[in-house]
Amino acid sequence: MKRWMIGCWLLVAAATLQAQERFETGQRAPRLTIECLDGGTFRTGAKGHVVLLSFWATWCGPCMKELAEVPERILRRFEGEDFRFLAVAVNEPRVTVEKKAKQLEERGLRFPIGLDPYGRIGERTGDGRLPQLVLIDRRGIVRLHEIGYTPERLAEVAERIKALLKE
């Protein structure tokens, strides 16, 4: 009987912990270390920077459209600011992401890429649809979590980044 109760308690505790580790607007971003394609690491949940995460996949057409706009509409605009960007490739092996990154670079599109080959980080978005953007403020609070692509979206996100950098 005691084992059963302990097992139930552990399941409830694990579910609660997992729910707290999601990227939810208004909540603290989970502290994660993400392996990057260039061999470095990227940490979420750290204070001091405004952070934009883009969850994508190489096969996702809307993801590719959005990522093609990121260098001009986001990265160049906030170059030299206290801003960090990471495009997190979800559920794909390194070799597939490397191939796509090379194709993007040949088109002049360069940005930092994170790897989530097993979808563990992507699970924290609470939704499997792509693309997704998560904007985190300097205090580590998720200020925006949006799903899908529209041509206007990055302009709106850029304005939010601008406002957060002034806070």
Side-chain angles (χ1 to χ4, degrees), residues 10-60 62-64 66-67 69-71 73-75 78-101 104 109-149 153-154 156-158 160-165 167:
L10 289 174
L11 285 173
V12 169
T16 302
L17 181 61
Q18 190 173 20
Q20 291 173 346
E21 292 180 344
R22 292 194 181 274
F23 290 107
E24 292 185 33
T25 303
Q27 301 298 314
R28 181 159 306 284
R31 292 184 182 270
L32 304 169
T33 300
I34 303 169
E35 178 187 358
C36 294
L37 195 59
D38 67 4
T41 57
F42 188 98
R43 289 181 174 76
T44 65
K47 298 179 181 178
H49 303 288
V50 173
V51 174
L52 180 62
L53 301 174
S54 174
F55 292 91
W56 66 288
T58 61
W59 51 263
C60 171
C63 299
M64 293 299 99
E66 186 166 87
L67 287 175
E69 297 174 16
V70 164
R73 297 180 115 188
I74 302 290
L75 298 181
F78 299 108
E79 192 171 4
E81 300 275 346
D82 237 355
F83 170 74
R84 304 291 179 267
F85 172 80
L86 186 66
V88 183
V90 180
N91 287 321
E92 296 193 280
R94 175 185 279 275
V95 66
T96 302
V97 178
E98 285 174 337
K99 184 177 177 180
K100 180 58 81 172
L104 292 169
L109 302 171
R110 291 185 181 89
F111 42 80
I113 296 175
L115 300 169
D116 182 22
Y118 305 107
R120 292 185 184 121
I121 298 163
E123 286 174 3
R124 286 178 163 84
T125 64
D127 190 304
R129 294 177 289 169
L130 296 172
Q132 289 194 43
L133 291 179
V134 175
L135 181 61
I136 304 167
D137 70 16
R138 293 178 192 265
R139 297 177 328 225
I141 304 298
V142 176
R143 299 292 289 270
L144 172 82
H145 178 202
E146 288 193 355
I147 301 165
Y149 166 79
R153 184 162 97 156
L154 285 181
E156 294 166 5
V157 170
R160 286 186 178 220
I161 293 168
K162 182 179 171 183
L164 289 174
L165 287 169
E167 287 184 1

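The figures here come from the full heavy-atom set of this structure, side chains too, leaving out hydrogens, waters and symmetry mates.
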Original post:
Hey, does the side chain of Glu92 reach the backbone of Thr58 with a donor-acceptor pair shorter than 3.5 angstrom?
Top reply: yes

Original post:
Given side chains that start at C-beta, do those of Leu86 and Val51 come closer than 4.5 Å, heavy atoms only?
Top reply: no

Original post:
For the side chain of Arg160 and the backbone of Glu156, is there at least one donor-acceptor N/O pair under 3.5 Å apart?
Top reply: no

Original post:
Are any non-hydrogen side-chain atoms of Val88 and Phe42 less than 4.5 angstrom apart?
Top reply: no

Subject >> Note, Pro112 side chain near Cys36 side chain (heavy atom, < 4.5 Å) >> reply: no

Subject >> Side-chain heavy-atom pair Leu109, Leu67 within 4.5 angstrom cut-off >> reply: no

Subject >> Arg43 atom CZ, neighbour heavy-atom count above 12 within 6.0 Å >> reply: no

Subject >> Spacing of CG belonging to Leu144 relative to OG1 belonging to Thr25, to within rounding of 0.5 Å >> reply: 6.0 Å

**OP:** Please work out whether the ring planes of Phe83 and Phe78 are parallel, tilted or perpendicular, with thresholds of 30° and 60°.
**Re:** tilted

Subject >> Gap separating the CZ atom of Arg94 from the CG atom of Leu37, nearest 0.5 angstrom >> reply: 5.5 Å

Subject >> Gap separating the CZ atom of Phe23 from the CG atom of Leu133, nearest 0.5 angstrom >> reply: 12.0 Å

Subject >> Distance (rounded to the nearest 0.5 Å) between Phe55 CZ and His145 NE2 >> reply: 7.5 Å

**OP:** To the nearest 0.5 Å, tell me how far Ile121 CD1 sits from Asn91 CG.
**Re:** 10.5 Å

Original post:
In Å, rounded to the nearest 0.5 Å, how long is the span from CG of Asp82 to CG of Leu164?
Top reply: 12.0 Å

**OP:** Check whether any side-chain heavy atom of Asp116 sits under 4.5 Å from a side-chain heavy atom of Ile34, and report yes or no.
**Re:** no

Original post:
Between Arg22 (side chain) and Glu123 (backbone), is there a donor-acceptor pair under 3.5 Å?
Top reply: yes

